[in-house]
Chemist: 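Pasting in a structure now, in C-alpha cells, and then I'll have a few things to ask.
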Number of protein chains: 2
Amino acid sequence: MKLITRDTDYAIRAMCVIAKRKDKVVSVKDLTDYLKVPRPFLRKILQILNKRGLLKSYKGIGGGFTIALSPKKISLVKLIEVFQGPIRLSEHKLKKKICPEAKICLLKKRLDNIEKYVKARLEAITLETLIEEAGRI
Amino acid sequence: MKLITRDTDYAIRAMCVIAKRKDKVVSVKDLTDYLKVPRPFLRKILQILNKRGLLKSYKGIGGGFTIALSPKKISLVKLIEVFQGPIRLSEHKLKKKICPEAKICLLKKRLDNIEKYVKARLEAITLETLIEEAGRI
DNA sequence: CATAATGATACTAATATGGTATCATTTAAA
DNA sequence: TTTAAATGATACCATATTAGTATCATTATG
Ligand code: FES
Ligand code: FES
C-alpha cells in the first residue's frame, strides 16, 4: 500500500540535490556518493526523468544532469506518476471489468474522496517546498 | 499504490452480506452465488476473518458464517490490516534500515500527515455505514 | 584518441498478489 | 449409523510488480 516506491523515492532525493545545485551539472557519481543509492538503478531513474523532460542531460566528460523545470513546478504527483503511473487508490473492479455497480457503489465513492484529498496534498508538495524548508533546519 | 487489495475487497463485500443477514448462517456457496467471486479464494479469506474473531463459523451441513461483532465496530482499517498489515503509506527507509535522517526528514513528515488523515477516514468507514446507506438507495 | 560521462536495452532476482488443490474434521439429517 | 454438506488447515502455483544488474553504444572534452 506504499504511496511511494523505491524508484520514486530515489528520484525525489536526487531531484532535490540536483535542484539545489542550480545550473551546475551533477553526475551520477556525485549523487551516489552523497545518497548511497545503487548506481545503475539511479542511472536508470535519471534517464527516465530526462526523457520525461524533468532533467536535462549532458554527455561526455564533466557531463551529468541539471534540472529542466523550476522546482516550483515539480510536484510529488508528477514524480509519482512518472514511475508508478496515474494515482489511483481504488480501482474496486471485479475481474478486470468495470464493475456494473460502480456508479452507485458507496465504497468506491468514499475511496474516491480519499484519493482526491491525497492527490491534492501530493500536488502541494513540490521540490521547492522540500528544499526551501530543509534549508531552514 | 492500491489502498485495498483483492482479498480485502472481497472480505468487505462478503462481510457486508453476512452482516445484513444478521444471525442467519451464510455459507460460502451463498456468497459466491451472489458475489461472483472465486470460491476457494473466498473460503481462505473467510477462514482468516474467523481466526481473527471477526466472523463466527459453523461446520457441518447447514454451516457457514455469522458476524462476530457489531458492524459498527468493524472499520475498513481493521479489515485492511487483517489482509495487508498495518497501514503505512510511507516507510521512506534506506535499504531496510531506518533512515538516520528520519526524525528531521520533511518528506517523511508530510507523508505521515497524509497517512494520518487517510487512516482516520478509513476508521470512519464501518460495515454499518456501508450497509445502512446502501439500504437507502 | 583516451576517457569519462550518459543512452539504450535486455536481463535477473526477490517479493507480493491472486489464486488452486487436497485432505482432514465436524455436524445435521436420512 | 452412515452420508453429505459444510468449514479447517496447509501446501502449492501462476502472475505481476518491484528492485535491481549488466552490457554495449554514443557523445563530448581535454
Ligand atoms: S465498484 Fe463494484 S462494488 Fe464497488
Ligand atoms: S526518512 Fe530518510 S530521507 Fe526521509
Side-chain angles (χ1 to χ4, degrees), chain A residues 1-11 13-14 18 24-33 35-66 68 80 82-86 88 91-96, chain B residues 1-11 13-14 18 24-33 35-66 68 80 82-86 88 91-96:
Chain A
M1 186 210 289
K2 277 172 300 188
L3 221 44
I4 287 185
T5 50
R6 233 15 180 277
D7 40 13
T8 311
D9 187 6
Y10 292 169
R13 300 180 200 221
I18 295 170
K24 274 181 199 158
V25 174
V26 184
S27 73
V28 171
K29 186 159 188 318
D30 295 342
L31 289 167
T32 49
D33 285 354
L35 295 172
K36 317 281 185 203
V37 138
R39 191 185 152 109
F41 193 28
L42 187 58
R43 246 157 74 60
K44 192 166 81 172
I45 289 167
L46 296 180
Q47 284 178 14
I48 291 169
L49 291 168
N50 176 50
K51 269 191 200 160
R52 296 306 194 88
L54 299 176
L55 290 177
K56 273 190 280 194
S57 79
Y58 303 89
K59 289 169 109 178
I61 292 182
F65 300 86
T66 61
I80 289 173
V82 165
F83 296 98
Q84 301 168 229
R88 250 181 291 115
E91 311 204 335
H92 201 231
K93 292 177 182 175
L94 214 46
K95 307 237 170 197
K96 291 183 184 173
Chain B
M1 185 209 291
K2 275 171 300 185
L3 220 45
I4 287 184
T5 50
R6 230 20 176 276
D7 40 13
T8 311
D9 187 6
Y10 292 169
R13 300 179 199 223
I18 295 170
K24 275 180 197 158
V25 174
V26 184
S27 73
V28 171
K29 186 159 187 320
D30 295 342
L31 289 168
T32 49
D33 285 354
L35 295 174
K36 317 281 186 205
V37 140
R39 193 183 149 108
F41 194 29
L42 186 57
R43 243 157 76 60
K44 194 166 78 171
I45 289 167
L46 295 181
Q47 284 179 15
I48 291 169
L49 290 168
N50 176 50
K51 268 190 201 162
R52 297 306 194 89
L54 299 176
L55 290 177
K56 273 188 279 192
S57 78
Y58 303 87
K59 288 170 109 179
I61 293 182
F65 300 86
T66 60
I80 289 173
V82 165
F83 296 98
Q84 301 167 228
R88 252 181 289 118
E91 310 203 337
H92 202 232
K93 290 178 185 176
L94 214 47
K95 307 238 168 197
K96 292 183 184 173

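We name chains A, B, ... by the order of the sequence lines, and we start the count at 1 in each one. All values below come from the heavy atoms of this structure, side chains included, with hydrogens, waters and symmetry mates left out.
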Chemist: Do B:Val26 and B:Leu31 have side chains that approach each other closer than 4.5 Å (heavy atoms only, starting at C-beta)?
Modeler: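 In short, these two side chains touch, coming nearer than 4.5 Å.
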
Chemist: Quick one: list whatever passes salt bridge (charged side-chain N to carboxylate O under 4.0 Å, His left out) with B:Asp30, sequence neighbours left out.
Modeler: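 Expected list: none.
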
Chemist: Under a 4.5 Å cut-off applied to non-hydrogen side-chain atoms, are B:Tyr10 and B:Leu35 in contact?
Modeler: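 Of all side-chain heavy-atom pairs linking B:Leu35 with B:Tyr10, none is under 4.5 Å.
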
Chemist: Does the side chain of B:Ser57 get closer than 4.0 angstrom to OP1 or OP2 of D:dG8 through an N or O atom?
Modeler: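 For D:dG8, OP1/OP2 do have a side-chain N/O of B:Ser57 under 4.0 Å.
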
Chemist: Please tabulate, one pair per line, each protein N/O and nucleotide N/O from nucleotides 22-29 of chain D that are separated by under 3.5 Å, including the distance.
Modeler:
{"from": "D:dT27", "atom 1": "O4'", "to": "A:Lys59", "atom 2": "NZ", "distance (Å)": "3.3"}

Chemist: How long is the span from the OG1 atom in B:Thr66 to the CG atom in B:Asn50, to the nearest 0.5 Å?
Modeler: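 Output value for this atom pair is 9.0 Å.
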
Chemist: Can you tell me which nucleotide in C:dT6, D:dG20, C:dG18 comes closest to the side chain of A:Tyr10?
Modeler: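 Nucleotide nearest to A:Tyr10's side chain: D:dG20.
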
Chemist: With sequence neighbours left out, write down each residue that passes salt bridge (charged side-chain N to carboxylate O under 4.0 Å, His left out) with A:Lys29, or none if nothing qualifies.
Modeler: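 For A:Lys29 the salt bridge (charged side-chain N to carboxylate O under 4.0 Å, His left out) partners, ignoring immediate neighbours, are A:Asp33.
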
Chemist: So which nucleotide from C:dG7, D:dT7, C:dT17 ends up closest to the side chain of A:Phe65?
Modeler: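 Shortest atom-to-atom distance from the side chain points to C:dG7.
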
Chemist: Who pairs with B:Thr32 by side chain to side chain donor-acceptor pair (under 3.5 Å), at least two apart in sequence or on another chain?
Modeler: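 Counting only residues at least two positions away or on another chain, B:Thr32 forms no side chain to side chain donor-acceptor pair (under 3.5 Å).
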
Chemist: What is the bend of the helix from C:dC1-D:dG30 to C:dA30-D:dT1 when you compare the axis at one end with the axis at the other, using five pairs each and rounding to 10°?
Modeler: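 Inter-axis angle at the ends, rounded: 10°.
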
Chemist: Do the non-hydrogen side-chain atoms of A:Phe83 and A:Leu49 ever get within less than 4.5 Å of each other?
Modeler: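 When only atoms from C-beta onward are counted, A:Leu49 and A:Phe83 do touch, with a gap below 4.5 Å.
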
Chemist: Pick the nucleotide of DNA chain C nearest each of B:Asp7 and A:Gln47; which residue has the one closer to the 5' end?
Modeler: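 Result: A:Gln47.
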
Chemist: Nearest to the side chain of B:Ser27, heavy atoms from C-beta on, is which of C:dG18, D:dT21, D:dA6?
Modeler: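 Selected nucleotide (nearest to the side chain): D:dA6.
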
Chemist: Using salt bridge (charged side-chain N to carboxylate O under 4.0 Å, His left out) as the criterion, list what pairs up with B:Lys51, not counting sequence neighbours.
Modeler: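 Partners of B:Lys51 by the salt bridge (charged side-chain N to carboxylate O under 4.0 Å, His left out) criterion come out as none, since no residue qualifies.
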
